[in-house]
2 protein chains.
Amino acid sequence: MRRDVFQAIADPTRRAIITLLALHAMTPNAIAEHFQSTRQAVSKHLRILTECELLHQEPQGREIFYSLHMDKMKEIDIWMEQVRKIWESRFSQLDDLLEEMKKGQL
Amino acid sequence: MRRDVFQAIADPTRRAIITLLALHAMTPNAIAEHFQSTRQAVSKHLRILTECELLHQEPQGREIFYSLHMDKMKEIDIWMEQVRKIWESRFSQLDDLLEEMKKGQL
DNA sequence: GATATGCGCAACTGATCGGTTTCTAAAATT
DNA sequence: AATTTTAGAAACCGATCAGTTGCGCATATC
């Protein structure tokens, strides 16, 4: 049951839905028209995306408009940034090592 | 069999492995020490990460050093950037609409 | 009020996933 | 040469996943 953003964007259809909704809010039927699969299949994806708070529902009469909650996308950025930080620190760590070696040898 | 980067980073253990290897190359045994699961389980993750070219193998005697292939991580950035671009264009689209309305009414 | 539309929910199915256990091969150690 | 270490490969298992079909429930439309 535990949904996280990374699992959510693992599915190509869900990524396509996110891309679609980045432009403007849409109803399940309108979204489903962009895919070969049934509305129910799309509805399941919408449920998963909503559960992990990537989407937001806005009922309007008997229709429900789904919109992208861009803030949640930042969680991906945060992780990417973390990895990038460590990746870059790699060099300074090598510098530290070389410094240590120099001290030990001299 | 089709492996893509997004599926690869969907698993928390694999993300942890990526974070680990961002610092420096490691052998499967060394990596496995950081987790509760068996070496074989970790080895499977390494296989998946290597298949989608996120990792690179460097045999050294009977050991294999796995290192992060940072370039492949950019694929995630590219998608994120694409979504962000569309998200931002949302407003200019609204501007276009307002422009159109203005023309129609005036 | 009857009908049509839009949508979520539940049950089912085949495929895939993450994990363990067992086995094999190659390189290092003795 | 025998043993130990390192690691991938294969077989298996329960859990989860993506998808379909069928259903029920609201909200519009006639």
Side-chain angles (χ1 to χ4, degrees), chain A residues 1-21 24-69 72 76 79, chain B residues 1-21 24-69 72 76 79:
Chain A
M1 259 298 169
R2 267 283 172 89
R3 303 279 181 203
D4 71 282
V5 186
F6 294 96
Q7 209 189 333
I9 64 162
D11 185 85
T13 304
R14 283 199 288 269
R15 282 200 301 281
I17 290 174
I18 289 174
T19 308
L20 264 179
L21 296 182
H24 49 69
M26 292 174 82
T27 65
N29 267 328
I31 297 166
E33 278 174 14
H34 289 79
F35 303 96
Q36 286 102 328
S37 58
T38 61
R39 177 190 60 81
Q40 279 86 346
V42 171
S43 205
K44 267 192 167 184
H45 286 305
L46 292 174
R47 186 169 171 269
I48 290 169
L49 289 166
T50 306
E51 267 178 13
C52 73
E53 298 177 308
L54 270 171
L55 299 188
H56 175 246
Q57 304 182 332
E58 186 108 12
Q60 206 152 321
R62 70 181 163 190
E63 294 183 323
I64 299 175
F65 282 85
Y66 284 85
S67 58
L68 183 58
H69 179 50
K72 199 70 178 181
I76 300 157
W79 180 73
Chain B
M1 258 297 170
R2 267 285 172 89
R3 302 281 182 204
D4 71 282
V5 187
F6 295 95
Q7 209 190 334
I9 63 161
D11 185 85
T13 305
R14 284 199 286 269
R15 284 200 301 280
I17 290 174
I18 288 174
T19 308
L20 264 180
L21 296 182
H24 49 68
M26 292 173 80
T27 64
N29 267 328
I31 297 166
E33 278 174 13
H34 289 79
F35 303 96
Q36 287 101 327
S37 59
T38 60
R39 179 189 60 80
Q40 279 86 346
V42 171
S43 205
K44 267 193 167 186
H45 286 305
L46 292 173
R47 186 169 172 269
I48 290 169
L49 289 166
T50 307
E51 267 178 13
C52 74
E53 297 177 309
L54 270 171
L55 300 188
H56 175 246
Q57 304 181 330
E58 185 106 16
Q60 206 153 321
R62 70 181 162 191
E63 293 183 323
I64 298 176
F65 281 85
Y66 284 85
S67 58
L68 183 60
H69 180 51
K72 198 71 179 181
I76 300 158
W79 180 73

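This is a predicted model, so every value here is computed, not measured. Chain A is the first sequence line, chain B the second, and so forth, proteins listed ahead of strands; every chain is numbered from 1.
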Self-check item: Any B:Leu54 side-chain heavy atom under 4.5 Å of B:Ile48 side chain
Solution: no

Quiz item: Excluding sequence neighbours, so at least two apart, what forms side chain to side chain contact (heavy atoms under 4.5 Å, CB included) with B:Ala30?
Solution: B:Met26, B:Thr27

Quiz item: Rounded to whole angstroms, how far apart are CD1 on B:Ile48 and C1' on D:dA9?
Solution: 14 Å

Quiz item: Sequence neighbours excluded, which residues qualify as side chain to side chain contact (heavy atoms under 4.5 Å, CB included) partners of A:Ile64?
Solution: A:Gln57, A:Tyr66

Self-check item: Between D:dA26 (C1') and A:Ile64 (CD1): distance, integer Å
Solution: 10 Å

Quiz item: Which ones in residues 31-40 of chain A lie close to DNA chain C, meaning a heavy atom under 4.0 Å from one of its atoms?
Solution: A:Arg39, A:Gln40

Quiz item: Using a cut-off of 4.0 Å on non-hydrogen atoms, how would the nucleic acid contact of B:Leu46 be classed: base, sugar-phosphate, or nothing?
Solution: nothing

Exercise. Can you tell me the distance, in whole Å, between the NE2 atom of A:His45 and the P atom of D:dC17?
Key: 12 Å

Could you list the protein-to-nucleotides 11-15 of chain C atom pairs, N/O on both sides, closer than 3.5 Å?
none

Self-check item: Options C:dT16, D:dG19, C:dG18, nucleotide nearest the side-chain atoms of B:Asp11
Solution: C:dG18

Self-check item: B:Phe6 CZ to A:Phe6 CZ distance, which is reported to the nearest 0.5 Å
Solution: 11.0 Å

Quiz prompt | Of all pairs that satisfy salt bridge (charged side-chain N to carboxylate O under 4.0 Å, His left out), the ones with a partner from residues 7-19 of chain B, not counting sequence neighbours | solution = A:Asp4-B:Arg15

Practice problem: Please name all residues satisfying side chain to side chain contact (heavy atoms under 4.5 Å, CB included) with A:Ala25, sequence neighbours left out, ordered by chain then number. | Solution: A:Phe65, A:Ser67

Quiz item: C:dG8, C:dG19, D:dG19: which one has an atom nearest the side-chain heavy atoms of A:Thr13?
Solution: D:dG19

Quiz item: Just how far, in rounded Å, is C1' of D:dA15 from CZ of A:Arg3?
Solution: 13 Å

Quiz item: What integer distance in Å separates B:Glu51:CD from C:dG18:P?
Solution: 12 Å

Exercise. Mind calculating the distance between CD (A:Glu63) and P (C:dG6) to the nearest angstrom?
Key: 7 Å

Self-check item: Sequence neighbours excluded, every pair satisfying salt bridge (charged side-chain N to carboxylate O under 4.0 Å, His left out) that has a member inside residues 31-44 of chain A
Solution: none

Quiz prompt | Within residues 52-62 of chain A: residues closer than 4.0 Å to DNA chain C (heavy atoms) | solution = A:Arg62

Self-check item: side chain to side chain contact (heavy atoms under 4.5 Å, CB included) involving A:Ser37 - partner list, sequence neighbours excluded
Solution: A:Phe35, A:Ala41, A:Val42

Quiz prompt | Where at least one partner belongs to residues 55-67 of chain A, residue pairs that pass salt bridge (charged side-chain N to carboxylate O under 4.0 Å, His left out), sequence neighbours excluded | solution = none

Practice problem: State which residues pass side chain to side chain donor-acceptor pair (under 3.5 Å) with A:Gln40; sequence neighbours excluded, sorted by chain then number. | Solution: none

Quiz item: Can you check the B:Asp4 CG to C:dC17 P distance for me, whole Å?
Solution: 11 Å

Quiz item: Under a 4.5 Å cut-off applied to non-hydrogen side-chain atoms, are B:Leu49 and B:Ile9 in contact?
Solution: no

